[in-house]
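Heads up: the structure comes next, in structure tokens.
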Amino acid sequence: MHEDVNGGGEHAASPEPASGVEPPAFLALERELTVLLRRARASQGEMAREVHPDLEPSAYGLLVRLDECGRQRATELAAYIGVGKATMSRQLRALEELGLVGREPDPADGRAWLVTLTDEGRQRVSRVREARRALYAGRFADWDPKEVTELARLLNRLNRGTER
């Protein structure tokens, strides 16, 4: 089932893209990405609340990044997430107050700090991620495993392409 993202179901005329791809393909892509992104934002909020009731949805991605990559400088996290230093500092302070992350001196540079998940943060994030993977496994149970692998590959390609 697809949601009508344009309100009344009417589509404005669009000029043909320079790439030569037919406009209906881009209209369908826009529609499906809009639905996916709206659902992803809602899902991120749910996952954040599952980690901690006071966790901001935007901070959930920081916790996942730390879970996957280990300790990092705040500047690295800011660059990965795409926010400024002030926003990152505010989010990290909030995560520290919730007991989900800690800071330790960077052995390579005594002026810098490394951010790391606390044991509590790691346990909470792991629990939520495992539950989410189980949910995905259920939702994709009728898909061929090769299709799931291909979807993951294409999403990775899309994500890499939007980093430029």
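Computed from a predicted model, the values in this text were never measured in an experiment.
Within 6.0 Å of CG on Asp119 lie no more than 12 heavy atoms contributed by other residues, nucleotides or ligands. Few gaps surround CZ on Arg133; more than 12 heavy atoms of other groups in view lie less than 6.0 Å from it.
Salt bridge present: Glu150 and Arg153 bring a charged side-chain N and a carboxylate O closer than 4.0 Å. Using a 4.0 Å cut-off between charged nitrogen and carboxylate oxygen, Glu76 and Arg65 do not count as a salt-bridge pair.
Of all heavy-atom pairs spanning Gly99 and Glu120, the tightest one is O-CB, 4.0 Å. Closest approach of Arg127 and Glu50 over heavy atoms only: NH2-O, 3.8 Å. Shortest non-hydrogen contact noted between Trp143 and Val148 is CB-CG2, 3.9 Å. Summarising the geometry of Pro107 relative to Arg71, their closest heavy-atom pair is CG-NH2, 4.4 Å, with the distance given to 0.1 Å.
A donor and an acceptor atom, one from each side chain of Thr116 and Glu104, are nowhere located under 3.5 Å apart.
Val101 and Trp113 fall into different hydrophobic clusters, defined by Ile, Leu, Val, Met, Phe, Trp and Tyr side-chain heavy atoms under 4.5 Å apart, directly or through other members. The hydrophobic clustering, which links ILVMFWY residues whose side-chain heavy atoms are closer than 4.5 Å, places Leu33 and Phe26 together. Cluster annotation: Leu37 and Leu158 are assigned to distinct hydrophobic clusters (Ile/Leu/Val/Met/Phe/Trp/Tyr, side-chain heavy-atom contacts under 4.5 Å, transitive). One hydrophobic cluster, built from ILVMFWY side chains closer than 4.5 Å, cannot hold both Leu100 and Leu114; they sit in different ones. The hydrophobic cluster containing Leu36 does not contain Leu154, counting ILVMFWY residues as joined when their side-chain heavy atoms lie under 4.5 angstrom apart, directly or transitively.
To the nearest 0.5 Å, atoms CG (Leu92) and OG1 (Thr87) are separated by 10.5 Å. Atom CZ of residue Arg157 and atom OG1 of residue Thr162 lie 12.5 Å apart, to the nearest 0.5 angstrom.
Of the candidates Leu117, Val83, Ile81, Leu62 forms a side-chain contact (heavy atoms from CB on, under 4.5 Å) with just one, namely Ile81.
A donor-acceptor distance shorter than 3.5 angstrom exists from the side chain of Arg124 to the backbone of Val51, with no hydrogens or angles considered.
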